[in-house]
Trainee: 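Quick one: structure below, then a few questions.
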There are 2 protein chains.
Amino acid sequence: MNPEIIPNDGPSSTDTAAAGQKNIKMILKQLESDGIIGISVDCVIFGFDDNELKVLLIKSDFEKYENKWSLLGDLVNNHEDLDEAAYRILRERTGMDDVYLEQVKAFGEVNRHPAARVVTIAYCSLINIEHHQLKILDNELHWHRVTTLSDMAFDHRALLDACYAWLQKRIQEHPLGFSLLPKKFSLRELQNLYEAILDVKLDRRNFRKKFFSMGLLEDTGELETDVPHRPGKLYRFNYEKYQKKERKKWFGIDF
Amino acid sequence: MNPEIIPNDGPSSTDTAAAGQKNIKMILKQLESDGIIGISVDCVIFGFDDNELKVLLIKSDFEKYENKWSLLGDLVNNHEDLDEAAYRILRERTGMDDVYLEQVKAFGEVNRHPAARVVTIAYCSLINIEHHQLKILDNELHWHRVTTLSDMAFDHRALLDACYAWLQKRIQEHPLGFSLLPKKFSLRELQNLYEAILDVKLDRRNFRKKFFSMGLLEDTGELETDVPHRPGKLYRFNYEKYQKKERKKWFGIDF
DNA sequence: GCAAAAGTGTTGGAAATACACCCATGT
DNA sequence: ACATGGGTGTATTTCCAACACTTTTGC
């Protein structure tokens, strides 16, 4: 075995994505020849734009998956936690640090990766597209509609499906959605978000009633601008109040 | 057959648990000296007995954790899926094959294992204690109350907590609970199960109403025996009917 | 003044909760 | 006969779903 080729451990890497990809291939080759299981993290990065849920993808650079879309991932460094690896990937690719991120599921099928045995941990991340417009244009990075999407590399379709299903469920029970919106948002935007993610139509009045009754939205006193109609009020989500709220452990049996 | 039970196909291994444990230490030493990340699976095996939720543990054989309780786990073989590894562990330790098993979470803190860097995938498993009474007595295997439990090896306490929280939530939305009971059970047993796992008191009449209204319990026509009071009817859970039922994707926002 | 979306209450039905009595069995 | 838990029905409340008109702004 060749210890030298194991990924470095230093603090935040300054490698470009392209350089990172090059290293990966060599490392994988080495892992495979040694019969070792590699560990990677893949990030399913969701954004919300134009009233649609988008996911951030890159063109795969594996021959076998030429021209297919791939999630953003990397091998886990030897001295970095899984969460740290996921945050590193986000930082390297989007330049963003204050991001919603949560582990969803491990994928470990023996042949899921053509170059070597690699177990990957899928992370789901939510970011506000507006906030990082700039960094996208390098590489082959693109926001892609979640609904109309096929031809993904590896088993990344399965990872995406798992994260999307996870998101649909999670967003109904936890206030994740606000990570996809600007800090100040109108109720219309919020409703559009829920309708897009859950693929349902909701009654506007009941939707408002629901959110106001939770008492977690703060009126900023500001209004929408640049809309060709009556502007809506802008709200802010009150995370502190949410934290303090006591959770009920009993929801009721239903299946 | 319950669709949520991941099918277990592999042929049954003939390794003994003891032999497995010996190998692990040598392999870990090798991993550490090569600076390689190992990957393991740990099973949190729940059972229900004496109206209490129990978890199956073994005495740790790592010096550092002498006399502490440890989950049942093993390194993942190079040509075995993660699910397969989990089923193998269950088979080796309990002799049971038709078991509820689901992945819960990966734990990858850098220093979670003293001997080497090991990322572990926690699986939650539910088994009917009655059905495998026999195989327990070897090793240092014991059923332990979930509530009164401390001093666990590694980060196994965190794994257990994650699986227990997962179970509490999951059992309210999916019919897992029946895996912990005999095939034929009384409503009292079922209610005791829910009360124990969720740590709540439930109204007996409303509980019955709830389950009967789901229409998934089949009256077996049989009655309890050996009870010092009026015997209750025995029911069976109808998995087929449950599968066919259409799930609603919309539950309602609530947090 | 017109188009477009914001904002607002009420009502009926369904589901959850609270609650008390008789019944069947073993001892 | 009595102790123990099995089995059942109803009234009340709470929550959710359906539904229409007036207001504000930009053009």
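A, B, ... follow the sequence lines: proteins, then strands. Residue 1 opens every chain. What you see is a predicted model, and the numbers here were worked out from it, not measured in a lab.
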Trainee: Is A:E84 paired with A:R88 through a side-chain N to carboxylate O contact shorter than 4.0 Å?
Mentor: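 Salt bridge flag = no for A:E84 with A:R88.
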
Trainee: Is any side-chain heavy atom of B:K169 less than 4.5 Å from a side-chain heavy atom of A:E173?
Mentor: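 Answer yes - side chains close enough.
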
Trainee: Output one letter per nucleotide in nucleotides 19-27 of chain C: B when a protein non-hydrogen atom lies under 4.0 Å from the base, S when only the sugar-phosphate is that close, - when neither is.
Mentor: BB--BBBS-

Trainee: Between atom CG in A:L187 and atom P in C:dA4, what is the gap in whole Å?
Mentor: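 Rounded to whole Å, this separation is 22 Å.
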
Trainee: With a 6.0 Å cut-off on ring centres, are B:F46 and B:F48 close enough?
Mentor: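 Distance test on ring centres: not under 6.0 Å, no.
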
Trainee: Given B:L167, which of B:V44, B:V104, B:L126 fulfils the side-chain contact (heavy atoms from CB on, under 4.5 Å) condition?
Mentor: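 Among B:V44, B:V104, B:L126, the one meeting side-chain contact (heavy atoms from CB on, under 4.5 Å) with B:L167 is B:L126.
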
Trainee: So, using salt bridge (charged side-chain N to carboxylate O under 4.0 Å, His left out) as the criterion, who are the partners of A:K233 when residues are at least two apart?
Mentor: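 A:K233 satisfies salt bridge (charged side-chain N to carboxylate O under 4.0 Å, His left out) with A:D219 only.
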
Trainee: Expressed in angstrom and rounded to an integer, what is the separation of B:K248 atom NZ from C:dA14 atom P?
Mentor: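 Nearest whole value for this atom pair: 15 Å.
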
Trainee: Taking the six-membered ring for Trp and the single ring otherwise, decide whether the centroids of B:Y235 and B:F212 are under 6.0 Å apart.
Mentor: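 Between B:Y235 and B:F212, the centre distance is under 6.0 Å.
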
Trainee: Both B:W250 and B:E224 contact DNA chain D. Taking the nearest nucleotide for each, which residue is further toward the 5' end?
Mentor: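 Checking each residue's closest nucleotide, the 5'-ward one belongs to B:E224.
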
Trainee: Quick one: on DNA chain D, does B:G232 or B:I253 contact a more 5' nucleotide (nearest heavy atom)?
Mentor: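 Mapping each residue to its closest nucleotide by heavy atoms, the 5'-most match is B:G232.
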
Trainee: Does the side chain of A:E189 come within less than 4.5 Å of A:Q191's, by heavy atoms?
Mentor: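 Result no, sub-4.5 Å side-chain heavy-atom pair not found.
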
Trainee: What is the 5' to 3' range of DNA chain D, first to last nucleotide, that sits under 4.0 Å from any heavy atom of chain A?
Mentor: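 Contacts span D:dC16 to D:dG26, reading 5' to 3'.
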
Trainee: Counting only side-chain nitrogens and oxygens, does A:K233 get under 4.0 Å of the OP1 or OP2 atom of C:dG7?
Mentor: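 No.
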
Trainee: Looking at side-chain heavy atoms only, is the closest gap between A:H142 and A:L57 below 4.5 Å?
Mentor: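 They are not in side-chain contact.
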
Trainee: Quick one: label B:R208 by what it contacts on the DNA or RNA (base, sugar-phosphate, nothing), any heavy atom closer than 4.0 Å.
Mentor: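 Result for B:R208 = base.
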
Trainee: Nearest whole Å is fine: how far is C:dA16 P from B:F207 CZ?
Mentor: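 In whole Å, C:dA16 P lies 14 Å from B:F207 CZ.
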
